[in-house]
Structure formats: C-alpha cells, structure tokens
Amino acid sequence: MSVSPNNEQTDTPPAQLNEKPGVFDNPRNVQRLLYIFYTCVILLFATDLIYHKHAIFPWEDRFGFYSLYGFVACVILVLVAKYILRPLVMRKENHYD
Amino acid sequence: MISALPPFLLLMVGALVVPFLKGKIRNSWMLLLPVVSFVNFLLIPEGNHWVTSFFGHEIMLGRVDRLSYIFGIIFHLITFLSVLYALHVDDMVQNVASLIYAGAGIGAVFAGDLFSVFVFWELLTICATFLIMARRTPAALGAGFRYFMVHVAGGLCLLAGIILQVQQTGSAEFAYIGLATPASWLIFLGFGVNCAWPLLHPWLTDAYPESTVTGTVFLSAFTTKVAIYALARSFPGTSELIWIGTAMAAFPIFYAVIENDLRRVLAYSLINQVGFMVVGIGIGTALSINGAVAHAFNDILFKGLLFMTMGAVLYRTGKINATDLGGLYKSMPWTCAFCIVGAASISAFPLFSGFVSKSMVMEAAALGDLRFVWFVLLFASAGVFHHAGIKIPFFAFFSHDSGIRCEEAPRHMLLAMGITAALCIFIGCFPQYLYNLLPFPTDYQPFTVSHVIAQTQLLFFSALAFSLLLLSGIYPAEIRSINLDADWFYRKGGRLFYGIAERSFNRLNSWGDQLFVRRLPTALARFFVDPVDRLHTLFVAPYYKMIGKDVPADDSGRCERSAYPVGGGVLLAVLFLALMSFLFFL
C-alpha cells in the first residue's frame, strides 16, 4: 500500500513557514469561539424554563436533567478512563513484539 | 422465473475480471459494477427466488423481503462510495477482495437458508483477511492472521450450530430461531463473533486500524452489519441481546478516550454504535427493530465517512496517531469539513443522520421501561460525542499545530466523502425516505421539541465538559502507547500455549529420538552381529535352567545350521495361527 505518495510534510515548525496564519492561530479567535460556545450553553440550559417536556420517565422533567447528565457523564467518563483504565491497560507500543 | 440475476453474482463475477483491466477502463469497470448490480437488485421482485435442492434441503439465494431489501440498498450504496474512494488503489489483491467482500455481504443478506449463509459468512472472512493483510506491514500481517483465526473459530461454531439445528428441526431455513437449544446457542455465538460482542470483540479493534487506507472503509460497512442483519432475522426479542448491547455501547468509549491511534478510536466507536443496534434487536418491538435497522443504515454511512476522512489523513500525512497530528484544517479544509459532518452524524446532532435512528432505540428502551439500559445508552450517547464527535476532528485537524503541511485529499476521495456527507445530512433532514424503507411501517416523529432540545443539551454539555477538562489540563494527554484489551488472552495465551507445547512436545520428541533412533538400533545391531549365538545365550540357556536341565552345549552344530531361526519362524507361525483362530471363533 502506498502511504503518502504526495507527502509534503516538513519538520519545520509552523512559525517558520511562509504562510498565512490559520483562523485558530490567533488566540483571540479561539477565545471568541469559546465565548460563543459558552453563551449557547447557558441559553440551552435556560430553555428548560420555557418549554413543556413530553417525557417518558419522570426524571426527564426535572430542570436541567439532560444538561447535567451530559456534563457529569463526560467528566466521569474522562476521569475513569484516565485514572482507572489507563493505569490498568496502558503498555508500551512494543508490548506484543 | 425472473430475468434478474442473484444479487451477489454480478459483483463477484465482475471482480474476477478486474485483474485483466488497467487504468481508466478498470476504474470505470469498478465504478460500473455496483451500479449495474444495484439495477439488477431493483429488478428482483419481493419473494423467494433461486431455490434449489441440496441433499434434500432447500437452498435459496434470493429472499427479498423488507428486512433484506434495506440492507441490499445500503450495501450497494456503500460499495459504490467505497470503490469511488479507493479508485487510486493499484493493488489487484485489494480491488478484487473488496468487490468479492461486498458481494459476499450482499449474498449473506439475501440467503434464505443457513447453508448459503455459512458459505457467504466464510467468504466475508477470507476477503476481509486479504483486505487487512494487503497493507503488508508486519503489524497488518499479524492482525490479519489473528482476525482469520478468530473468525474461523466463530465460523466453526456457527457451522456446528447449523448442523445440529438442521438435524433437530429438519429444516435449514434461515428464519427466526430464538434461544432454546444448544444448536441455537452455537448459532447465536457464531453471529456474536462477527457482531464484536464484548470479549469476542478485539479482532475488530485489532485488525481494522491495521488495514489499508481504503480497506478499512469496506471493512467497517459489512462484517458487523451482516451480523446485525442475522441477529435481526434469527433472534429478535432475545433479552440476552439487550444486556450484550448495553455492554457494547458502554465499555468501548472508555478505551476510545485513551486511545492514540485515531482509526482505532473509530473502531471502538464502531462497537459502541453496534451496541445500540444489538439493544434494539434485543428489545424486539417494531419500533426498536426499526431503530436498529435504521441505525445500521446510518452507521454504515457516517462510520464509513469517518474512516474515509481518517484514511485521507493517513494517505496524505502517513500518520494516524493523535500525538503526531494536529492543525490539518489548513491543509485539508474539505476533509476537515466532511469529518465534522461525520462526527455530528455519529453524535446524533439534530438534522444529522444519527439523530433520526438512535432516538428510536432510546425511545423503545424507555417505552419498555428498561431504566438501567436507558441510562447507560444515554451515557454512551454523551460519550460517543466526546470521543468520536470531538476527539477525532479536534486532534486531527485542530489541537496544537503539528507542523504537517500536505495536499488536500485526492479528488475522487473528496467526491466520495462529499456524497457520503451529503447523504448523512439528507437523511438527517428528511428521515421519512429512510423510514419508508424500514421493515415495519412507522410514523415515528424524531423532531419533537422536547427531543431536539434534550439531545442538544446533552451534546453541548458533553462538549462543555470536554472544553473545561482540556483547558484545565485534566483531559488525558495523548501518549504513544497501546492499551491491552481482551485480545491479550489469546496473544499472550497463544504464546504461553506455544511455550508449553514447545517444551512438552520437544521433550517427547527428543526422548523418542534417544530411544528409537539411537538406543534401539544400537541394541539391535549388537544382537544381529551374531544372532544365533545371542538367541542361544539369551533364551535357550535360561529356558533350560528354568526347567532344571543342564544347558546343552552347542555341540550339535545347531547354531551353524541355523536351526534357531527356523524354529523361531515356526513358533511365530504357530502363535499367529492360534491368534487368528482365536479371533475367528470368538
């Protein structure tokens, strides 16, 4: 299999390349994106106040159930993966060689 | 009699012509095959076709009903898209294997009896092994070998089940089986290997990321989905599947978070998505089976798309580990955009394809009051966004700038990715076209206000967790490493077995060598230097001593006249005749 026949990669760090900086090379753009994202998050959280849910389970009606569940689930996911699973299963790349 | 051909035939026969073609003619031929095969498929009316007899059992190569029909459509679609994506590949092995592989997948779906299913099942294994080994790296050869061994074991399990089933029921029909007899358990397990059930799954995460850039795209579409079809056909409503599927949806996401190879991350998320389908089949209601089948349809597209984008990254940069990539949005903006569409689809964002099918399975679980299952699936939904939705595009195209500058993916790859991405959005916006194809009629409404807002909240807060963990430095850094999985048991266990076998059998061998090659011939040689004299001292003399007579000196010249051998021969003949008469009169 021919991997990367047109490979033009270079080891030069990006700062030395003569090119237009990308959108996210400017930290202000990243900040701006994050602010937009945080605003969306807050607005979404607040929508629970204004609409009526058609829930199957009773707890789905609780204020902010889905928001909190999504957040907590992912934090638990990352913490378990990092502090429990990784020490158990991580090995060097040549483990099976 | 109908004028069309069996649905798998054109792809398979057409594949055999590919080695004799070159350049543009080969490309057109390969693109044309799935199209012609699709037209042929559409000409087949609903019903049972190509029925013949085999040792008194019915062989059926074309059972077209609503369940097989939708798989026929998606399999043809993804074959065309994958061939388009793989148009640059000049490797005859891959080109032939991929088309026969697709044909085998289609064949298995339309087979109406268990024998044909088994034949196509094994054909899938063989072609997939070629597609994995075609990368020709030591890692790929090893993974391909392990893939083959695991699937052969699964296939034998299936075959044993089929033979028992046919013995017991007298019918080889591929229909509802249900878990009852040992035969049905064997078939169930045989399907389970291809479906990548927990502990049986590591062939998938081991082999798919080692395959070629284009091979993985084909692989991701067929093997597991054929297994899903088989389960939906034979074991709908089997409650064991609910728990198996729940485990499948949950455990891979933990691995996906710490995995460095981005195609392996996708392999884990493939198991996670198949878990949703398995739960749907296990619940067994019309809504849940519809959800499982619709999700299989969508998963083939968005998982194919994600593997295509990561394949394009690997093709252009030669790298696939998150530790080596980053900042590629500048070099590969289109690939980046298509990847985000795939990521949004697998994460089930409203207006993307995953949303309209995953929600059916979730709702079926809720309506069945499966609370624990529902919570785990919701956890898995948030988790899949975390690892497949954010991690894949983020570490490949954004994150820190790796300094890699490469060309955008080739035009045919972009076209394949573009069409697939468009389909993901189209199905997400107009799900009724997909719903009309489902096995059971449905008027399911995915776009209720509660549902859309709930899902968006879940995903945005999952993204919020990712951002905050990343900014605070808690998010686990990508590390060059591998993670042990259930394949440890046979990779290390295989070595242990080899060690034990080596020690015990080699010892037996050297013992045999000592005895039969060295000692025994030496002893015999010593005996035959003077056999008559030896006979005299070893047998005749002790005999005379035993009966209390004097040992006769060999004064009569018996030794010289070879009387002993003649006497010995007579004795053997008498013993032999005695034995024969004993056996005869017994």
Side-chain angles (χ1 to χ4, degrees), chain A residues 1-14 17 19-20 22-25 34 37-38 40-41 44-45 47-48 51-57 60 64-86 88-96, chain B residues 89-91 94 134-136 212-213 253-255 257-258 314-318 327 329-330 363 366-367 371 374 378-379 382-383 386 398 401 403-407 448-451 453-467 469 474-476 479-485 491:
Chain A
M1 183 61 224
S2 55
V3 171
S4 71
N6 303 316
N7 187 350
E8 289 189 359
Q9 71 177 79
T10 158
D11 291 321
T12 327
L17 286 168
E19 61 170 17
K20 211 171 66 180
V23 190
F24 299 109
D25 284 339
L34 278 175
F37 174 65
Y38 292 143
C40 290
V41 164
L44 267 170
F45 193 63
T47 41
D48 265 14
Y51 83 107
H52 177 68
K53 287 183 190 174
H54 294 277
I56 298 174
F57 290 123
E60 288 182 82
F65 168 75
Y66 280 99
S67 312
L68 289 178
Y69 192 87
F71 187 80
V72 172
C74 282
V75 172
I76 291 175
L77 167 66
V78 168
L79 294 184
V80 168
K82 183 178 180 184
Y83 293 110
I84 297 177
L85 188 63
R86 200 169 229 181
L88 281 177
V89 300
M90 194 172 77
R91 295 291 184 276
K92 282 184 183 148
E93 276 180 309
N94 57 5
H95 179 71
Y96 285 117
Chain B
V89 175
D90 221 7
D91 178 8
Q94 281 190 70
R135 195 161 171 206
R136 300 182 175 92
T212 61
V213 164
I253 57 181
F254 293 97
Y255 270 98
V257 168
I258 54 172
L314 176 62
Y315 180 68
R316 280 303 195 213
T317 69
Y329 73 95
K330 292 178 225 171
E363 187 158 323
L367 290 173
R371 295 172 183 210
W374 185 84
L378 195 63
F379 176 71
H386 203 89
F398 304 101
D401 194 327
I404 296 175
R405 296 293 178 269
C406 59
E407 271 184 73
T448 61
V449 179
S450 328
H451 192 182
I453 293 182
Q455 180 70 9
T456 318
Q457 283 174 334
L458 185 80
L459 296 180
F460 266 78
F461 276 80
S462 172
L464 180 68
F466 181 86
S467 331
L469 289 167
I474 298 173
Y475 195 85
I479 301 175
R480 286 174 194 286
S481 62
I482 59 153
N483 298 308
L484 300 185
D485 201 339
R491 292 177 79 166

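We name chains A, B, ... by the order of the sequence lines, and we start the count at 1 in each one.
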Once you round to the nearest 0.5 Å, how far does CD1 of A:Ile76 lie from OH of A:Tyr69?
-> 8.0 Å
Counting only heavy atoms closer than 4.5 Å, note whether B:Ile253 contacts chain A via side chain, backbone, both or neither.
-> both
Side chain / backbone / both / neither for A:Ile84 at chain B, heavy atoms under 4.5 Å = neither
Determine, stepwise, if the pair B:Asp91 / B:Arg136 fulfils side chain to side chain contact (heavy atoms under 4.5 Å, CB included).
-> CA-CA 11 Å; B:Asp91 178 8; B:Arg136 300 182 175 92; 2.9 Å; yes
Using a cut-off of under 4.5 Å for heavy-atom pairs, which of B:Asp90, B:Thr448, B:Ile453, B:Thr456 has the most such pairs with chain A?
-> B:Ile453
Is there a side-chain hydrogen bond (donor to acceptor under 3.5 Å, both in side chains) between B:Gln455 and A:Tyr66 once you walk through the steps?
-> CA-CA 8 Å; B:Gln455 180 70 9; A:Tyr66 280 99; over 6 Å; no
Interface moiety of A:Ile56 toward chain B, non-hydrogen atoms closer than 4.5 Å = side chain
With a 4.5 angstrom heavy-atom cut-off, could you sort out which part of A:Asn94 is near chain B: side chain, backbone, both or neither?
-> neither
Verify side chain to side chain contact (heavy atoms under 4.5 Å, CB included) between B:Gln457 and A:Thr47, making sure each step is shown before the conclusion.
-> CA-CA 9 Å; B:Gln457 283 174 334; A:Thr47 41; 3.5 Å; yes
Turns out that what part of B:Leu378 lies under 4.5 Å from chain A's heavy atoms comes down to both
Of A:Tyr96, A:Phe37, A:Tyr38, A:Phe65, the largest count of non-hydrogen pairs under 4.5 angstrom with chain B goes to A:Tyr96
Once the angle between the rings of B:Trp374 and A:Phe57 is folded into 0 to 90°, is it parallel (under 30°), tilted (30 to 60°) or perpendicular (over 60°)?
-> perpendicular
Among B:Ile474, B:Ile258, B:Val257, which residue forms the greatest number of heavy-atom pairs with chain A at distances under 4.5 Å?
-> B:Ile258
Mind ranking A:Gly64, A:Cys74, A:Ala81 by heavy-atom pairs under 4.5 Å with chain B and telling me who comes out on top?
-> A:Cys74
Just by distance, do the side chain of B:Ser462 and the backbone of B:Leu458 share a donor-acceptor pair under 3.5 Å?
-> no
What class does the angle between the rings of B:His386 and B:Phe466 fall in, given that below 30° is parallel, 30 to 60° is tilted and above 60° is perpendicular?
-> perpendicular
One option among A:Arg86, A:Met90, A:Lys92, A:Lys82 has the most heavy-atom pairs under 4.5 Å with chain B, and it is A:Arg86
Below 4.5 Å from any heavy atom of chain A, which atoms of B:Ser481 appear? Answer side chain, backbone, both or neither.
-> both
Those residues that, when tested against A:Phe45, pass side-chain contact (heavy atoms from CB on, under 4.5 Å) (two or more places apart) | A:Phe63, A:Ser67, B:Phe461
What pairs with B:Asp485 under salt bridge (Lys or Arg N to Asp or Glu O under 4.0 Å), at least two apart in sequence or on another chain?
-> none
Chain A contact via B:Tyr255 - side chain, backbone, both or neither, heavy atoms under 4.5 Å | both
Relative to chain A, which of B:Val449, B:Leu464, B:Ile482, B:Ile479 shows the most heavy atom pairs under 4.5 Å?
-> B:Ile482
